[in-house]
Number of protein chains: 2
Amino acid sequence: MDRTILVVEDDPDILNLVIWHLESEGYRTLKSKDGRKCLETAIHEKPDLLVLDLMLPGMDGLEVCKTMKRNQATADIPVIMLTAKGEEVDRIVGFELGADDYLVKPFSPRELLLRIRAVLRRHEPPAQQRPGVLRHREMTVEPENYKVHIGREPIRLTVTEFNLLLDLLQNKGRVRSRDQLLDRVWGYQFEGYARTVDTHIRRLRQKIAPYAEDIETVRGVGYRFKET
Amino acid sequence: MDRTILVVEDDPDILNLVIWHLESEGYRTLKSKDGRKCLETAIHEKPDLLVLDLMLPGMDGLEVCKTMKRNQATADIPVIMLTAKGEEVDRIVGFELGADDYLVKPFSPRELLLRIRAVLRRHEPPAQQRPGVLRHREMTVEPENYKVHIGREPIRLTVTEFNLLLDLLQNKGRVRSRDQLLDRVWGYQFEGYARTVDTHIRRLRQKIAPYAEDIETVRGVGYRFKET
DNA sequence: TTTGCATGTCACAGAATCGTCATAATCGCA
DNA sequence: TGCGATTATGACGATTCTGTGACATGCAAA
């Protein structure tokens with residue numbers, strides 16, 4: 001699962017409280033105290049959901065929300081608004097801004113968690129798009145669990161190896177350049193050499209030995225998982 | 001592929017660095033040091049993407065961006081902003097101006113390249129317009145995959161051979177001179193003899209043996225892929 | 001702290017690929 | 001038909017790319 005939630009709130013007490021509850025529920029979290037900064041975070045980190053305080057220094061929550069919905073990169077991220085009593089609830093509820101739900105302070109953490117769960121469920125990608133279990137001959141890969149089996153035998157992969165395998169498998173038949181792989185598996189900000197990919201490909205091949213050949217080297221281009 | 005990128009930056013060092021990296025990745029490039037001039041260039045040359053420095057002499061990056069987005073001819077060109085640390089990142093991130101992404105200096109060239117690739121991917125024309133699988137009798141060529149089949153049989157081509165075949169096939173029926181082929185397949189910077197093309201044509205003919213005859217030699221001119 | 005694992009980097013060897021050249025074959029035209 | 005120009009071919013050395021093992025670092029568990 002491992003959803004990431006960005007919390008934007010200027011009151012440090014509330015911020016930490018919310019963060020603490022989210023993390024103890026197993027969510028990954030990001031914080032921001034500033035309306036402007038949080039947009040930046042939203043774009044680069046692509047959280048699965050945003051918990052947004054209405055009253056913020058600088059750019060207020062309404063603005064943040066509107067801006068996000070206008071920007072293609074962030075338009076799909078659901079937003080839960082936090083408001084103090086008496087704030088302009090009506091406009092939020094009107095959802096002119098694209099907020100998906102809202103809570104009036106003071107709220108109970110449990111309620112927040114429930115709302116989050118509900119909103120996430122609503123925004124869950126439909127089953128056929130969701131990464132289900134991937135298969136390749138006798139090998140099964142479970143994206144949600146970081147588990148790989150060949151036949152009955154469990155295969156122990158590191159996170160990097162797993163992500164590498166997953167990306168190749170999800171793009172079966174298509175060549176991925178080393179840079180593309182660095183981008184997708186290691187992330188944008190990684191500043192390493194393309195050679196690193198080779199090493200991990202090697203380790204991956206060793207571990208999925210029976211199918212080592214099915215990771216094809218496309219010389220001068222990159223790697224590709226063999227179709228069927 | 002062969003996308004054109006306009007880089008607008010007043011610092012010549014950074015400008016040349018960026019240009020160099022872009023070209024070595026195979027992009028065509030245009031430069032501009034001036035906010036006003038670059039608008040003109042953007043309109044006439046229709047680049048596929050703009051890398052725009054925030055701080056510019058004359059008209060600054062924000063203005064350029066806003067102006068571009070107002071003008072129908074340039075509104076669809078994605079923009080990646082470059083900013084020095086501490087500059088008004090917030091307004092950019094607010095995307096009031098329509099920037100599609102941004103980078104804070106100092107940035108790594110690799111990261112810029114990755115962002116460019118990501119933004120271009122987002123703005124990619126829909127699939128039905130993109131060059132799909134090419135066919136010639138029993139032969140299929142998948143441009144994105146570097147894959148060639150004759151019937152069911154996969155054909156192993158090197159990247160150079162593949163690009164050569166692709167260029168000929170995409171221009172079926174038209175003669176290409178050796179110089180044209182050198183430019184398109186080997187790249188402008190290649191400094192070699194035209195005879196090199198002959199050798200690769202030969203290797204290509206061998207590998208696609210059943211259709212060897214379909215690569216016609218046009219004496220004194222170049223080569224041509226026979227119209228079905 | 002020590003230990004073990006995951007990771008990224010490096011250097012080197014082997015293999016694939018490339019460009020060039022010499023020579024043979026072919027073509028177009030007088 | 002014969003000649004010069006052009007192209008095809010095969011070989012070879014040079015270059016580039018990948019696979020591999022070894023190693024340094026960092027992190028986290030013990």
Side-chain angles (χ1 to χ4, degrees), chain A residues 146 148 154-168 175-209 211-226, chain B residues 24-26 108 110 146 148 154-165 167-168 175-209 211-226:
Chain A
Y146 288 84
V148 178
I155 307 292
R156 287 181 52 88
L157 298 185
T158 70
V159 182
T160 312
E161 287 156 5
F162 184 87
N163 289 330
L164 183 57
L165 175 60
L166 194 58
D167 189 79
L168 288 171
V175 189
R176 316 234 73 170
S177 73
R178 293 181 172 71
D179 276 343
Q180 280 178 319
L181 290 171
L182 285 177
D183 171 359
R184 309 209 138 227
V185 178
W186 278 262
Y188 275 137
Q189 58 305 346
F190 177 74
E191 307 222 7
Y193 296 86
R195 217 107 288 298
T196 296
V197 177
D198 298 27
T199 299
H200 282 269
I201 288 281
R202 175 171 57 96
R203 289 168 181 156
L204 183 55
R205 277 172 171 161
Q206 284 176 341
K207 291 191 180 177
I208 62 166
Y211 305 126
E213 303 289 309
D214 291 347
I215 300 178
E216 298 179 298
T217 303
V218 182
R219 211 184 155 78
V221 185
Y223 295 97
R224 167 176 57 200
F225 210 102
K226 198 188 280 180
Chain B
S24 64
E25 278 288 296
S108 80
R110 211 183 75 80
Y146 294 85
V148 178
I155 306 293
R156 284 181 52 89
L157 299 186
T158 71
V159 184
T160 313
E161 288 156 5
F162 184 88
N163 289 330
L164 183 58
L165 174 60
D167 189 78
L168 288 171
V175 190
R176 316 234 73 174
S177 73
R178 292 182 173 70
D179 279 340
Q180 279 178 318
L181 289 171
L182 284 177
D183 279 354
R184 309 210 136 228
V185 177
W186 277 260
Y188 287 97
Q189 66 304 345
F190 177 74
E191 311 222 357
Y193 296 87
R195 293 281 119 236
T196 297
V197 178
D198 299 26
T199 299
H200 281 270
I201 289 283
R202 175 173 57 92
R203 289 170 182 157
L204 183 55
R205 278 170 171 162
Q206 283 177 341
K207 292 192 180 178
I208 63 166
Y211 305 127
E213 303 291 309
D214 292 347
I215 300 178
E216 298 179 299
T217 303
V218 181
R219 212 181 158 74
V221 186
Y223 297 96
R224 168 177 56 198
F225 209 103
K226 195 190 281 180

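Numbered from 1 within each chain, the chains take letters A, B, ... in sequence-line order. Model, not experiment: these values are computed from the prediction.
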Q | Side chain B/K207, main chain B/R156, donor-acceptor under 3.5 Å | A | yes
Q) Between A/L157 (CG) and C/dT7 (P), how many Å, whole number? A) 10 Å
**Q.** Out of C/dT17, D/dG21, C/dC18, whichever nucleotide has its closest atom nearest the side chain of A/R202
**A.** D/dG21
Q. When rounded to the nearest 0.5 angstrom, what distance separates CG in A/L164 from CD1 in A/I201?
A. 4.5 Å
Q) Do side-chain atoms of B/R205 reach the backbone of B/I215 as a donor and acceptor pair under 3.5 angstrom? A) yes
Q.
Taking only side-chain N and O atoms of A/W186, does any of them lie within less than 4.0 angstrom of OP1 or OP2 on C/dT7?
A. no
Q | Min side-chain heavy-atom separation B/R178-B/D198 under 4.5 Å | A | yes
Q: Considering just the side-chain nitrogens and oxygens of B/T196, establish if one lies under 4.0 Å of OP1 or OP2 belonging to C/dT20.
A: yes
Q.
Donor-acceptor check, side chain of A/D167 to backbone of A/N163, threshold 3.5 angstrom: yes or no?
A. no
Q) So B/Y146 and B/F162, would you call those rings parallel, tilted or perpendicular, with 30° and 60° as cut-offs? A) tilted
Q) With side chains defined as the heavy atoms from C-beta onward, is the minimum distance between B/Y223 and B/T217 less than 4.5 Å? A) yes
**Q.** Nearest-angstrom distance from the residue atom CD of B/Q206 to C1' of D/dG10
**A.** 10 Å
Q. Whole-Å distance between C/dA22 C1' and B/D198 CG?
A. 14 Å
Q: With a 4.0 Å heavy-atom cut-off, tell me which residues in residues 214-222 of chain A come close to DNA chain D, sorted by residue number.
A: A/T217, A/R219, A/G220
Q) Can you find a side chain N or O atom of A/H200 that sits less than 4.0 Å from OP1 or OP2 on C/dT7? A) no
Q. With a 4.0 Å cut-off on heavy atoms, is A/R203 in touch with a base, just the backbone sugar-phosphate, or nothing at all?
A. base
Q. Could you give the distance from CZ (A/R184) to CG (A/D179), rounded to the nearest 0.5 Å?
A. 13.0 Å
Q: Starting from C1' on D/dT7, measure out to CD1 on B/I201 and report it in whole angstrom.
A: 11 Å
Q: Starting at atom CG of B/L204, determine the distance to atom C1' of D/dT9, rounded to an integer number of angstrom.
A: 15 Å
Q: Estimate the overall bend of the helix from C/dT1-D/dA30 to C/dA30-D/dT1 from the end axes over five pairs each, rounded to 10 degrees.
A: 30°
Q. NA contact type, B/F190, heavy-atom cut-off 4.0 Å: base, sugar-phosphate, or nothing?
A. sugar-phosphate
Q | B/R178 CZ - C/dT20 P separation (whole Å) | A | 14 Å
Q) For the pair made of CG in B/L182 and C1' in C/dT20, what is the distance, rounded to whole Å? A) 13 Å
Q | Base C/dG8 to side chain A/R195, donor-acceptor N/O within 3.5 Å cut-off | A | no
Q. Nearest of C/dC10, C/dG19, D/dT18 to any side-chain atom of A/Y223?
A. D/dT18
Q) Going from CG on A/L168 to CG on A/D214, what distance comes out if it is rounded to the nearest 0.5 angstrom? A) 11.5 Å
Q: Using whole Å, report how far CZ of B/R156 lies from P of D/dC17.
A: 16 Å
Q: In plain terms, say whether B/R203 and B/E161 are close enough for a salt bridge, that is, a side-chain N and a carboxylate O under 4.0 Å apart.
A: no
Q. Nearest of D/dA8, C/dT9, D/dG10 to any side-chain atom of B/T199?
A. D/dG10
